[in-house]
Every structure is written in C-alpha cells, then in structure tokens.
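Take a look at the structure below.
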Amino acid sequence: MSTQLSLREVSVSRGDRPLLDGVSLAVRPGERIGLVGENGAGKSTLLRLLAGVEPPDEGTVVADADGGIGHLPQTPRLPPGGTVADAVDEALAELRATECRLRELEPVLGSGDAEAMDEYGRLLTTFEARGGYEADARVDKALHALGLARTGRERRLDTLSGGEQARLGLACLLAAAPEVMLLDEPTNHLDGAALTWLEDTLRAHRGTVVVVSHDRTFLERVATAVVEVDADRRTVVRHGGGYAGFLAERMAARRRWEQAYERRQAEMEALAEAASVTARRVAPGRAIKDGNKMAYDRAGGRVQSSVAGKVRNAEERLRRLRADPVARPPEPLRFAARPLRAGADGLLATLDGVRVGDRLRVDSLRIEAGGRLLVSGANGAGKSTLLRVLAGETAPDAGAVTRRGRIAHLSQEIRVDRPADRLLAAFGRGLPGTPDEQREALLSYGLFRERDLHVPVGSLSDGQRRRLALARLLARPADLLLLDEPTNHLALGLVEQLEQALAAWPGALVVVSHDRTLRSRFTGRQCEIRDGRLLGDTTG
C-alpha cells in the first residue's frame with residue numbers, strides 16, 4: 001500500500017477570520033502525528049481537509065491511500081434512524097465489498113485472464129493488509145474494550161448517549177482499519193482501561209495516524225511527531241521526537257528567543273554609548289606639533305569629520321534596530337500569593353454537613369493554608385458544584401460553610417457578560433493600576449499579543465477566553481485557588497507552564513481535573529466525588 005498526505009500553501013478562513021494562512025505540511029507513510037493547539041486554532045479543519053470533507057480556500061491538498069482513509073470527527077456521523085448493527089455495517093461496507101469482489105474473481109483465476117488476476121492480486125493485498133478476514137472479530141473486540149459489550153446490535157442509535165455514540169464511532173473506525181486514520185479527540189469519553197487499549201491499538205496500526213488530542217499522556221505513548229497549530233500566526237510547526245521532542249523544541253525556542261533579545265539589547269546599548277560618547281573621546285587639549293597651527297586645525301577637522309560619520313552610522317543602526325525590535329520574552333507564569341489569612345486553626349475553608357439538592361453531599365471538608373487537594377470523579381458527579389460552594393457562588397441547601405482570605409475561582413465554563421468589551425478593558429475591570437500599567441501586566445504574561453488587546457471579548461475563541469480568565473487570576477493575589485479543569489482549551493505549551501506555576505505557588509489549591517499527566521504529577525491530598533458524595537482524604 002502507498003500513502004500520500006500533504007498540504008501545500010493552504011489557506012482557510014471562517015467568515016472574516018483567517019484560520020490557516022499558506023500552510024504546507026507533509027505526513028510520511030506510517031507516521032503517527034499528534035495535532036495540538038488551543039481550541040479554535042484549526043486542528044479539526046486540518047483533519048477535514050485531509051479527509052476531503054471540505055476544500056481549502058486556496059492551495060492544494062493531496063490525500064491518497066490504497067487502503068482507504070477513515071475520518072472520525074468529535075461528533076461521529078452515524079446512520080440517521082439506524083441501529084448499532086447499521087453503524088457497523090456501514091463502517092465495514094468497503095471491506096465487505098472487496099471480499100465479495102474477491103469471491104467473484106476466484107472462479108476465473110485459472111482461465112488465464114491476466115486482467116482479472118491482476119485485479120485479484122491488488123485487491124487481496126489491500127484486503128489482507130487491512131485484516132479484512134478479522135474485521136468482524138475486531139468489531140466485537142473494540143466494542144468490548146470501549147465499554148459497549150452489553151449494547152445490543154439492535155439498539156437504536158438515537159437511544160445512545162453522546163459518549164456512547166462517540167465510542168461506537170471509534171469502535172467502527174478501528175474495526176474497519178483503514179490505512180490512514182484521522183481522529184479528532186478520540187480519548188474523550190474513555191476510562192483508563194479503554195485509553196490504554198486505544199493507545200496500544202494505534203501503536204500497532206501499520207498505517208498512518210493523524211490525531212487531534214489534548215491528552216499529554218496519550219501523545220507521549222502514541223505520537224511519533226507533533227504538529228502544533230499556531231492560532232496567532234495561523235500556521236503549523238512540526239516537532240520530531242514525539243511529545244518529548246515537542247517539549248524540548250519549545251524549551252530550545254525559548255532559549256533562542258532570550259539570547260536574541262539579550263544580543264539585541266546589548267547591541268543597542270553599545271550603539272547608544274557610541275553615539276553619545278565617541279565625540280567626547282577626542283582630546284581637545286592636545287599640544288600643537290612644531291607650532292604649526294594651520295596643520296593642527298586641518299587634522300582636527302579630519303578627526304571631527306570622522307567622528308561625526310561614526311556617530312551618524314551608530315545612530316542610523318540604532319534607529320533601524322528600534323524600528324524592528326525583538327520583543328522581551330514573557331516572564332514565566334506566576335500566581336501572586338499574599339500573606340495567608342487563615343484563622344488560628346490554620347484553616348481557609350470548611351464544609352460541614354453540606355447538601356446541594358441531589359448533586360452534592362459533603363459531611364466534612366477542611367482546606368488548610370498552603371494545602372493542596374485534587375478532586376476526581378466522573379462527569380456530572382458534583383465536582384464543579386463543590387468548587388462553586390467553596391467559592392461562595394452556590395449556597396448550600398443545608399450545612400455550614402466558612403471561608404477566610406481571598407478565594408479565586410477558575411470556572412470550567414467561562415461566561416461572557418459583556419461581549420462588546422475589548423480584551424484589555426475586560427482584563428482590567430476591577431484591577432488596580434492605570435490602563436497603561438494593566439496593558440503592561442497583561443502583555444508580560446505572554447498570553448496575548450499587542451494586536452489582541454482591542455478584540456471584542458465576544459469574538460474570542462474558547463481558548464482565548466480561558467487565557468483571559470487565567471490572566472485575571474495571575475493579576476490578583478489570593479489565599480486559595482479553586483481551579484475547575486484548568487487545562488481545558490489551552491495549548492499544551494501553556495498547560496506545561498501552568499503546571500509549573502502551580503507547583504511553585506505556596507498558597508492553597510483545590511483542583512478538579514481529568515488530565516492524566518496533571519494528576520500523575522500532583523503532590524498533595526486526593527479525594528473522589530461519586531454520585532454527589534465526597535469520599536476519601538478530606539480532612540488533611
């Protein structure tokens with residue numbers, strides 16, 4: 001089998017918003033590419049271009065594979081009004097058609113028909129390479145591994161939950177085993193065992209995989225290369241060496257930026273020194289040789305002319321450098337802690353006998369100054385409700401809640417109350433300092449560029465809104481941070497910075513997260529919410 005996947009000078013816009021601008025990318029046969037970037041950057045668009053689902057505005061897309069191309073969007077396209085069996089039949093239709101054609105050709109193989117023999121050979125090679133004879137067995141295996149073993153084939157698709165539909169779509173695509181798999185966030189809705197099975201399955205796939213994912217553990221285990229979709233520059237950057245190579249290259253790029261900035265600053269300082277001091281270095285009181293004043297004056301004039309030329313050259317070079325500056329690298333993300341305001345017992349927040357309808361039940365919870373707590377649980381278990389109660393945003397139906405000090409809360413869903421407000425104004429609302437000081441503070445985080453500051457908040461992507469909420473947390477000192485899925489919608493480079501900032505922060509922290517890498521690195525107490533009930537180590 002042969003594969004060609006490439007984009008050449010591809011540009012795509014959504015309305016008046018450009019997503020990709022002159023992007024070129026080549027994927028080699030057998031590679032497993034992880035597509036990363038914040039939400040709205042254009043990752044799903046790239047997959048649809050490669051799948052042939054939509055054309056580019058400009059440029060060329062080549063997507064060709066003898067063994068077929070399978071595309072799994074975040075919301076799978078399943079047969080409308082059909083059953084699970086219909087979805088399986090549709091996924092395997094190509095393989096079954098190939099098998100039928102092979103059987104049709106078998107009787108004529110001994111007739112000496114060269115054309116029929118050639119067709120049979122090509123079809124059989126492709127069929128066996130895709131494991132066509134094992135396709136039905138793969139369906140059963142995939143359904144079992146993805147938690148759908150008890151879902152009958154007669155079950156109507158419209159009775160499945162969104163998560164079940166996503167897992168069914170994934171199972172069907174993996175069973176069909178196309179040569180090229182284009183997967184958009186396939187790890188959503190999967191538990192730990194299913195994730196491990198998916199990782200092993202993709203690693204064993206003999207074809208090409210291009211997968212959009214925010215799951216760092218998944219990328220570490222599966223991707224042979226990472227392609228970052230840069231929303232700010234509307235382009236893509238390829239990193240070899242898997243996820244580890246991606247992180248190493250980001251660190252190297254940061255060092256190169258710092259070095260370029262330091263060199264530029266040093267050169268500008270040297271030129272400014274030359275322009276202001278060189279003329280004064282000519283000794284005005286040197287002696288007249290042989291009493292020849294005329295010769296002395298002529299020599300002095302030549303010296304002054306030379307000095308003036310050097311000063312002009314230095315000033316011109318300085319002007320050019322200032323016109324094309326190297327931006328100062330942003331400081332590492334850093335949360336601002338302040339003197340802790342815990343009570344005499346060292347506690348910042350307590351919950352006793354708290355009930356919120358049937359969503360949350362907490363018998364006892366203690367958050368101490370400087371304490372760290374990781375909260376886990378299934379979707380809908382009550383984790384976000386717990387954080388809202390701690391933040392004072394949701395009043396319990398029963399029980400007692402005490403709070404001390406300043407509490408900062410990063411919600412999972414970022415609301416936009418004033419969509420017409422510009423980004424800088426939204427950042428600065430309620431913060432101290434002049435607009436210029438607020439602008440300097442916001443830009444110093446490296447979360448936004450100068451050109452973003454006057455964009456209406458209502459037109460920001462989910463990732464940009466997340467960055468704005470994060471910037472407001474960074475700008476205010478706090479005693480206790482409540483973070484609800486803090487890595488959602490963020491580019492992975494920023495996620496790594498955020499983790500480092502949290503690791504260095506001395507204040508108290510309660511974090512809700514499904515991020516496997518964050519959870520494996522977390523130091524502190526852990527508890528679980530199951531069916532609204534808080535369980536585990538909660539007293540610390």
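This structure is a prediction, so every number in the text was calculated from the model and none was measured.
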With sequence neighbours excluded, what pairs up with [X] under the salt bridge (charged side-chain N to carboxylate O under 4.0 Å, His left out) test?
{"X": "R250", "result": "E228"}
{"X": "R530", "result": "E528"}
{"X": "R439", "result": "E450"}
{"X": "R361", "result": "D363"}

Shortest non-hydrogen contact from L219 to S213? CD1-O, 3.9 Å
Specify the closest pair of heavy atoms between L424 and P435, including all atoms of both residues, with the distance to one decimal. CD2-O, 4.5 Å
With no hydrogens and no angle check, is any side-chain donor or acceptor of R467 less than 3.5 Å from a backbone partner on L490? no
Under the 3.5 angstrom rule, does the side chain of R465 hit a backbone N or O of R415 as a donor-acceptor pair? no
Tell me, with the steps shown, if E258 and R254 meet salt bridge (Lys or Arg N to Asp or Glu O under 4.0 Å). CA-CA 6 Å; E258 292 172 344; R254 168 77 187 200; 2.8 Å; yes
Between R256 and E249 (salt bridge meaning N to carboxylate O under 4.0 Å), is one present in this structure? yes
Using the salt bridge (charged side-chain N to carboxylate O under 4.0 Å, His left out) rule, collect all pairs that involve residues 509-518, keeping only residues at least two apart or in two chains. E199-R516, D215-R516, R216-D515
What pairs of donor and acceptor atoms, side-chain ones from residues 52-61 against any protein atom, are under 3.5 angstrom apart with sequence neighbours left out?
from, atom 1, to, atom 2, distance (Å)
E54, OE1, R48, NE, 2.7
E54, OE2, R14, NH2, 2.6
D57, OD2, S13, N, 2.7

